[in-house]
Amino acid sequence: SHILVSGMSGSGKSTFLQTMVYSLVSRYTPDEIQFYFIDFSSRTTRKFEKLPHCGGVVFQEHNELIERLFRLLENECDERRRIFDKADAGSFGEYTKKNKMPMILVVIDNYAGFSEGYPELAEKLAGFSRDCLKYGIQLVISANNTNDVKYKTMQNIGYKIALRLSDRYGYNEILGGAPEFTPSKYAGRGLVKEDGILEFQTAVPFEIEDETERSEKMIKEFSDIAKKYKKHTPAKRIPSIPKDEIYADFYEKNKADGMIPLGYDTNDISSVSLSRRDTFCLAVGASEEKSISIAFNNLSYCAKQSGAVVWYFKTSTDMLCKPEYVDRVYTHSELEDFLRAVQKEFETASEIRGKYKDTMSVNAMEEKVVEEKNMLYIFIDNMAEFHKIIYNQKNDSSFAEVIEETFRYGEKRGVSFIAGFGADSYIDAVHGVMCKNFLLNKTVLHIGGHLDQQKLYSSSLPYNVQS
């Protein structure tokens with residue numbers, strides 16, 4: 001059954017939950033019992049993460065982790081449903097008579113805080129609690145009283161424990177009738193209904209009065225348990241973005257032919273990659289230049305690792321990516337040389353395409369171009385400044401025509417342009433033909449949030465998410 005532990009503030013709910021989990025992990029292996037802690041109360045449960053039984057501990061401010069935990073639990077429930085169907089097993093108890101599978105506890109300390117902070121997940125939990133028990137996923141929640149718990153969730157709770165409550169009538173709801181006595185006024189004292197109403201005293205894991213010493217003792221005990229069960233399969237961890245991971249390491253884990261690894265999907269921490277074929281004109285937008293610099297560094301690193309050639313058109317004093325990732329740098333004074341070099345690249349690509357146009361598809365021809373002349377990535381640090389340079393009246397008007405035509409018709413020729421669009425500096429530029437043609441490709445990498453303030457593309461995301 002799902003379990004409710006009810007009691008007023010200071011009655012010992014958090015201690016009860018921790019003692020219960022400690023008792024379970026002391027007796028059962030990670031192959032038999034696993035758990036997740038949603039701690040909206042004491043915030044003293046972090047130490048449980050050391051255990052192989054524990055898939056994670058989340059606190060009130062961990063928005064993304066809490067959402068990922070629920071996705072993990074839903075996926076686990078779906079996976080177990082498929083396993084049970086295949087084994088023709090109707091329940092967790094029936095399946096585990098012949099097969100090994102751990103019971104999963106989801107421990108929520110302070111349900112009211114959880115429900116208030118995450119009303120949508122609390123609603124989802126109500127539906128989840130109806131079915132999950134059949135698949136070996138059990139809820140253990142604490143609340144001040146039954147009114148704190150959603151009615152639909154309460155309907156699925158089969159076992160209730162009462163610590164000291166604020167009024168006598170609360171015991172009726174939990175115990176199914178009025179008890180002849182209430183718990184003594186000691187922390188951890190409570191009532192439970194078995195054959196009759198029994199009074200109990202919650203134990204603490206160790207007979208140490210000082211709470212700090214007791215916590216230190218528990219941490220050491222958990223370390224010993226972790227060593228003991230080192231060879232057992234641990235609980236699935238709540239997906240989280242690795243801390244302090246550099247792009248080079250991320251790239252090595254997620255590289256694939258024809259793909260540019262970008263980062264992690266915050267929903268499930270799967271890697272997000274961009275196909276090379278979608279980068280002919282890639283707009284990198286951000287409110288701060290340093291964000292564009294991070295993207296340029298990562299993209300240029302990826303380009304070099306894939307064997308591509310990297311050019312960089314510099315409109316400002318400082319480069320936005322590391323010089324060691326760049327094969328050739330062009331500046332304002334070298335605009336004509338830059339455009340000639342670009343034209344030459346496209347002429348070479350056209351010659352290669354001409355050899356295969358009767359026997360290959362457009363995508364296959366592009367692969368041949370990359371194979372025979374190497375992929376070329378051209379970084380433009382600031383599209384607004386580049387716009388001014390191209391349309392400068394002192395320059396030959398054909399310069400603008402060349403770059404306009406290149407952005408409009410130059411796709412699938414083994415060349416990609418990656419341009420920085422910083423804050424509002426590009427607003428005037430986007431109305432020019434060159435920028436319009438660049439953005440026709442509709443490939444935008446936006447960094448740093450505030451989607452509602454950018455003008456590169458229209459987002460279908462809800463406004464509260466964009467802002």
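Residue numbers run from 1 in the order of the sequence given.
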*Taking atom CG of L445 and atom CD1 of I418, what is their separation to the nearest 0.5 Å?*
9.0 Å
_Partner set under side-chain hydrogen bond (donor to acceptor under 3.5 Å, both in side chains) for D39, not counting sequence neighbours_ = T45
_Point-to-point distance, once rounded to the nearest 0.5 Å, from OG of S273 to CD1 of I260_ = 9.0 Å
_Ring geometry between F417 and F280 (parallel below 30°, tilted from 30 to 60°, perpendicular above 60°)_ = perpendicular
*asked:* Can you tell me if Y186 has over 12 outside heavy atoms packed within less than 6.0 Å of its OH?
replied: no
*Is a side-chain donor-acceptor pair under 3.5 Å present for K13 with N110?*
no
*Specify the closest pair of heavy atoms between L165 and S6, including all atoms of both residues, with the distance to one decimal.*
CD2-OG, 3.5 Å
*Determine whether the aromatic ring centres of F222 and F48 lie less than 6.0 Å apart.*
yes
*asked:* Check E32 with R27, please: is the shortest side-chain N to carboxylate O separation under 4.0 Å?
replied: no
*Which heavy atom in P261 sits nearest to a heavy atom in C302, and how many Å separate them?*
CD-SG, 3.9 Å
_Aromatic ring pairing H232/Y229, orientation class (parallel under 30°, perpendicular over 60°, tilted between)_ = perpendicular
_Taking the six-membered ring of F59 as reference, does the cationic atom of R43 (NZ for Lys, CZ for Arg) lie under 6.0 Å from its centre and within 45° of its axis?_
yes
*Per the side-chain contact (heavy atoms from CB on, under 4.5 Å) rule, which among R164, R189, E199, R168 passes with T182?*
R168
*asked:* Do Q34 and L105 make a side-chain contact, defined as non-hydrogen atoms from C-beta onward lying under 4.5 Å apart?
replied: no
*How about Y22 and F206: are their ring centroids closer than 6.0 Å?*
yes
_Return the CZ to CG distance between F128 and L133, rounded to the nearest 0.5 Å._
10.0 Å
*Show your working on ring pair (Phe, Tyr, Trp, His ring centres under 6.0 Å) between F250 and Y264 and close with a plain yes or no.*
CA-CA 9 Å; F250 170 78; Y264 291 104; 4.9 Å; yes
*Salt-bridge test for K217 and E207: reply yes if a basic N is under 4.0 Å from a carboxylate O, no otherwise.*
no
*Spacing of CG belonging to N144 relative to OG belonging to S9, to within rounding of 0.5 Å*: 4.5 Å
*Minimal non-hydrogen separation, P30 against P102, with atom names*: O-CB, 3.8 Å
_Check ion pair K97-E94 (N to O, under 4.0 angstrom)_ = no
_Side-chain heavy-atom pair L282, V444 within 4.5 angstrom cut-off_ = no
*For residues T443 and N441, is any side-chain donor paired with an opposing acceptor at under 3.5 Å?*
no
_Are the side chains of I225 and L51 in contact, using a 4.5 Å heavy-atom criterion?_
yes
*Sub-4.5 Å side-chain heavy-atom contact between S1 and I157*: no
*Look at R46 together with E49 and state whether they make a salt bridge at an N to O cut-off of under 4.0 Å.*
yes
_Are F296 and Y325, when compared by the centres of their aromatic rings, separated by less than 6.0 Å?_
no
*Side chains of D327 and K304: closer than 4.5 Å at any heavy-atom pair?*
yes
*Decide, yes or no, whether a salt bridge links E74 with R71 under the criterion of side-chain N to carboxylate O below 4.0 Å.*
no
_Does E120, at its CD atom, have more than 12 non-hydrogen atoms belonging to other residues, nucleotides or ligands within less than 6.0 Å?_
no
*Are there more than 12 heavy atoms of other residues, nucleotides or ligands under 6.0 Å from atom NZ of K412?*
yes
*asked:* Checking S14 against S41: is there a side-chain donor and acceptor pair closer than 3.5 Å?
replied: yes
*Between atom NZ of K442 and atom CG of D278, what is the distance when rounded to the nearest 0.5 Å?*
13.5 Å
*So with a 6.0 Å cut-off around OH of Y151, is the heavy-atom count from everything else above 12?*
no
*Measure across L139 and S129 and return the closest heavy-atom pair with its distance rounded to 0.1 Å.*
CD1-CB, 3.5 Å
*Indicate, with yes or no, if the rings of H53 and Y28 have centres closer together than 6.0 Å.*
no
*Hey, is E245 close enough to K253 for a salt bridge, meaning N to O under 4.0 Å?*
yes
*Atom CD of E194: over 12 foreign heavy atoms under 6.0 Å*: yes
_Note: K50-E221 ion pair, threshold 4.0 Å (strictly below)_ = no
Counting only pairs under 3.5 Å, give me each side-chain donor-acceptor contact of residues 209-216, with atom names and distances, residues two or more places apart or in other chains.
residue	atom	partner	partner atom	Å
D210	OD2	T212	N	3.2
D210	OD2	E213	N	2.9
R214	NH1	I208	O	2.6

_So that I can tick it off, tell me whether D85 and R81 are bridged by a salt bridge, with the cut-off set at under 4.0 angstrom between side-chain N and carboxylate O._
no
*Would you sort out whether F70 and I38 count as a side-chain contact (heavy atoms from CB on, under 4.5 Å), showing the intermediate values?*
CA-CA 11 Å; F70 272 80; I38 300 176; 4.0 Å; yes
*Step by step, would you call F35 with C54 a side-chain contact (heavy atoms from CB on, under 4.5 Å)?*
CA-CA 5 Å; F35 67 91; C54 181; 3.5 Å; yes
*Would a 4.5 Å heavy-atom cut-off, applied to side chains only, mark I137 and Y36 as touching?*
no
*Please work out which of the three classes, parallel, tilted or perpendicular, describes the rings of F438 and F421, given edges at 30° and 60°.*
tilted
*Are N156 and H2 linked by a side-chain donor-acceptor pair shorter than 3.5 Å?*
no
*Hey, could you give me the SG/CD distance between C132 and Q138, rounded to the nearest 0.5 Å?*
9.0 Å
_Heavy-atom check, side chain of I3 versus side chain of I141, under 4.5 Å_ = no
*Minimum side-chain heavy-atom gap Y312-L320 below 4.5 Å*: yes
*Apply ring pair (Phe, Tyr, Trp, His ring centres under 6.0 Å) to F84 and Y95, showing your working.*
CA-CA 7 Å; F84 287 12; Y95 181 80; 4.9 Å; yes
*Any chance you could lay out the side-chain contact (heavy atoms from CB on, under 4.5 Å) test for Y118 and L125, step after step, and finish with the verdict?*
CA-CA 10 Å; Y118 298 87; L125 183 70; over 6 Å; no
*Would you kindly say whether Y301 and E324 are connected by a side-chain donor-acceptor distance under 3.5 Å?*
no
*asked:* Is there a salt bridge (charged side-chain N to carboxylate O under 4.0 Å, His left out) between K368 and E371? Walk through the geometry before answering.
replied: CA-CA 5 Å; K368 274 294 179 184; E371 182 183 312; 3.5 Å; yes
